[in-house]
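Written out below as structure tokens is the structure these notes cover.
All residue numbers in this chain count up from 1 along the given sequence.
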Amino acid sequence: MTTDFNTDIVKTKELNKIFMIVFSILYLISAFYVFLYDKESHNIYLKYLALAIYASGIYFLFRQPFMKPKKIGNLKISTDRIEFNENGENKNISLNELENVYLKYMDYGSWATHSIFGNKNYIKITEKSGNEYNFEILIRNKNSKNDLKKILNSLEYYNKFDFIKESNH
């Protein structure tokens, strides 16, 4: 019996670092002005500007787990082959053509982790011919994680699989 693990290959939207630094500084200044600065000497226009910056900061802070990553393909890993479709290109790799599989495991998706859609995990597949494929994949829940773990720890992947577990905090 063949066990399968199916998931999406995705591209996560990354926010501009300069924008994030500037916005974080403005957010801290606005929080100070609204909550800690002497309330009797508030300028009404600065107060409303600070409140607007503070409210938008809360929006960006809590929006991150609800941002859906862009799907660019599918990945199917089974005990006899790896199949993927990325940007319209299909590829099948049988286990005898497989050099190794490397998984950078962050966690599966839940309310307590990065995203409710599934957490970013990275997989690198190398063929014996030297072709390498790097994918950002989603592991949606604990059942998906267990399915992937069961396949990659099977006898078929012995000496072909390695992983690193990292925290996303």
Side-chain angles (χ1 to χ4, degrees), residues 4-77 82-91 101-126 132-152 161-169:
D4 293 339
F5 169 76
N6 294 305
T7 191
D8 295 334
I9 300 171
V10 296
K11 176 105 174 105
T12 308
K13 299 171 187 161
E14 297 290 332
L15 299 174
N16 187 338
K17 294 209 185 287
I18 294 172
F19 171 77
M20 291 302 296
I21 291 169
V22 170
F23 191 77
S24 298
I25 292 168
L26 289 174
Y27 180 75
L28 290 173
I29 292 170
S30 69
F32 172 79
Y33 189 77
V34 170
F35 296 112
L36 300 174
Y37 192 69
D38 183 24
K39 295 192 187 309
E40 293 176 8
S41 61
H42 275 183
N43 178 331
I44 193 75
Y45 299 111
L46 281 177
K47 182 178 179 178
Y48 287 131
L49 177 64
L51 282 171
I53 292 171
Y54 187 76
S56 62
I58 291 172
Y59 170 75
F60 283 115
L61 180 67
F62 290 109
R63 184 185 108 189
Q64 185 65 25
F66 299 102
M67 288 176 56
K68 188 171 186 173
K70 180 181 178 188
K71 180 180 174 181
I72 59 173
N74 295 312
L75 175 69
K76 179 181 177 184
I77 300 176
I82 297 175
E83 301 173 31
F84 59 88
N85 173 350
E86 183 184 27
N87 296 324
E89 294 183 38
N90 295 319
K91 180 74 176 170
V101 176
Y102 178 75
L103 176 67
K104 183 177 174 185
Y105 177 73
M106 304 294 266
D107 205 355
Y108 58 89
S110 70
W111 287 98
T113 59
H114 174 74
S115 172
I116 61 172
F117 296 104
N119 217 5
K120 295 191 299 187
N121 293 278
Y122 301 92
I123 193 164
K124 178 179 167 185
I125 301 166
T126 307
E132 285 186 1
Y133 306 98
N134 294 305
F135 303 120
E136 180 180 339
I137 62 170
L138 295 179
I139 299 178
R140 293 187 182 346
N141 52 38
K142 192 171 186 174
N143 290 338
S144 291
K145 173 197 148 194
N146 290 336
D147 289 345
L148 180 62
K149 185 177 176 182
K150 182 179 176 182
I151 292 170
L152 293 178
F161 170 66
D162 195 14
F163 83 101
I164 185 168
K165 180 173 174 46
E166 288 193 12
S167 173
N168 63 345
H169 299 293

Seminar exercise, completed: When rounded to the nearest 0.5 Å, the distance separating CG of Asp4 from CD1 of Ile151 is 6.0 Å

Exercise. With a 4.5 Å heavy-atom cut-off, do Lys124 and Glu132 have their side chains touching?
Worked result: yes

Problem set entry | Validation row, ring centre Tyr122 to ring centre Phe135 under 6.0 Å | no

Exercise. Between Tyr54 and Phe35, is the gap from one ring center to the other below 6.0 Å?
Worked result: yes

Exercise. Quick check: does any side chain N or O of Thr7 sit under 3.5 Å from a backbone N or O of Leu138, one acting as donor and the other as acceptor?
Worked result: yes

Problem set entry | Ser144 vs Asp147, side-chain hydrogen bond (donor to acceptor under 3.5 Å, both in side chains): CA-CA, chis, key distance, verdict | CA-CA 5 Å; Ser144 291; Asp147 289 345; 5.5 Å; no

Problem set entry | Exam field: side chain Asn43 to backbone Tyr45, donor-acceptor pair closer than 3.5 Å | yes

For this session: Measure the CG-CG distance between Leu75 and Asn6 for me, rounded to the nearest 0.5 Å.
Result: 8.0 Å

Exercise. Could you walk me through whether Phe5 and Lys150 pass the side-chain contact (heavy atoms from CB on, under 4.5 Å) check?
Worked result: CA-CA 9 Å; Phe5 169 76; Lys150 182 179 176 182; over 6 Å; no

Exercise. Is any side-chain heavy atom of Ile125 closer than 4.5 Å to a side-chain heavy atom of Ile77?
Worked result: no

Exercise. Any side-chain heavy-atom pair from Phe23 and Ser56 closer than 4.5 angstrom?
Worked result: yes

Exercise. Under 4.5 Å between any side-chain heavy atoms of Tyr133 and Glu86, yes or no?
Worked result: no

Problem set entry | Pairwise distance OH(Tyr102) to CG(Leu152) - rounded to 0.5 angstrom | 13.5 Å

For this session: Measure across Leu51 and Val34 and return the closest heavy-atom pair with its distance rounded to 0.1 Å.
Result: CD2-CG1, 3.8 Å

Problem set entry | Test log, rule side-chain contact (heavy atoms from CB on, under 4.5 Å), inputs Ile137 and Asp8 | CA-CA 6 Å; Ile137 62 170; Asp8 295 334; over 6 Å; no

Problem set entry | Heavy-atom side-chain proximity of Val10 to Ile72 below 4.5 angstrom | no

For this session: Kindly compute the distance separating NZ (Lys70) from CD (Glu136), expressed to the nearest 0.5 Å.
Result: 12.5 Å

Problem set entry | Heavy-atom closest pair, residues Ser30 and Ala50 | CB-O, 3.3 Å

Exercise. Looking just at side-chain N and O atoms, do Asn85 and Asn90 make a donor-acceptor pair shorter than 3.5 Å?
Worked result: yes

Exercise. Mind checking whether Ile21 and Ser24 have side chains closer than 4.5 Å, heavy atoms only?
Worked result: no

Problem set entry | Tyr33 and Lys47, any side-chain heavy atoms less than 4.5 Å apart | yes

For this session: Report, as yes or no, whether the 6.0 Å neighbourhood of atom CD1 on Ile18 holds more than 12 heavy atoms from other residues, nucleotides or ligands.
Result: no

Exercise. Heavy atoms, side chains only, cut-off 4.5 Å: are Phe84 and Lys76 in contact?
Worked result: no

Seminar exercise, completed: One should read off an interatomic distance between Ile9 CD1 and Asn134 CG, to the nearest 0.5 angstrom, of 11.0 Å

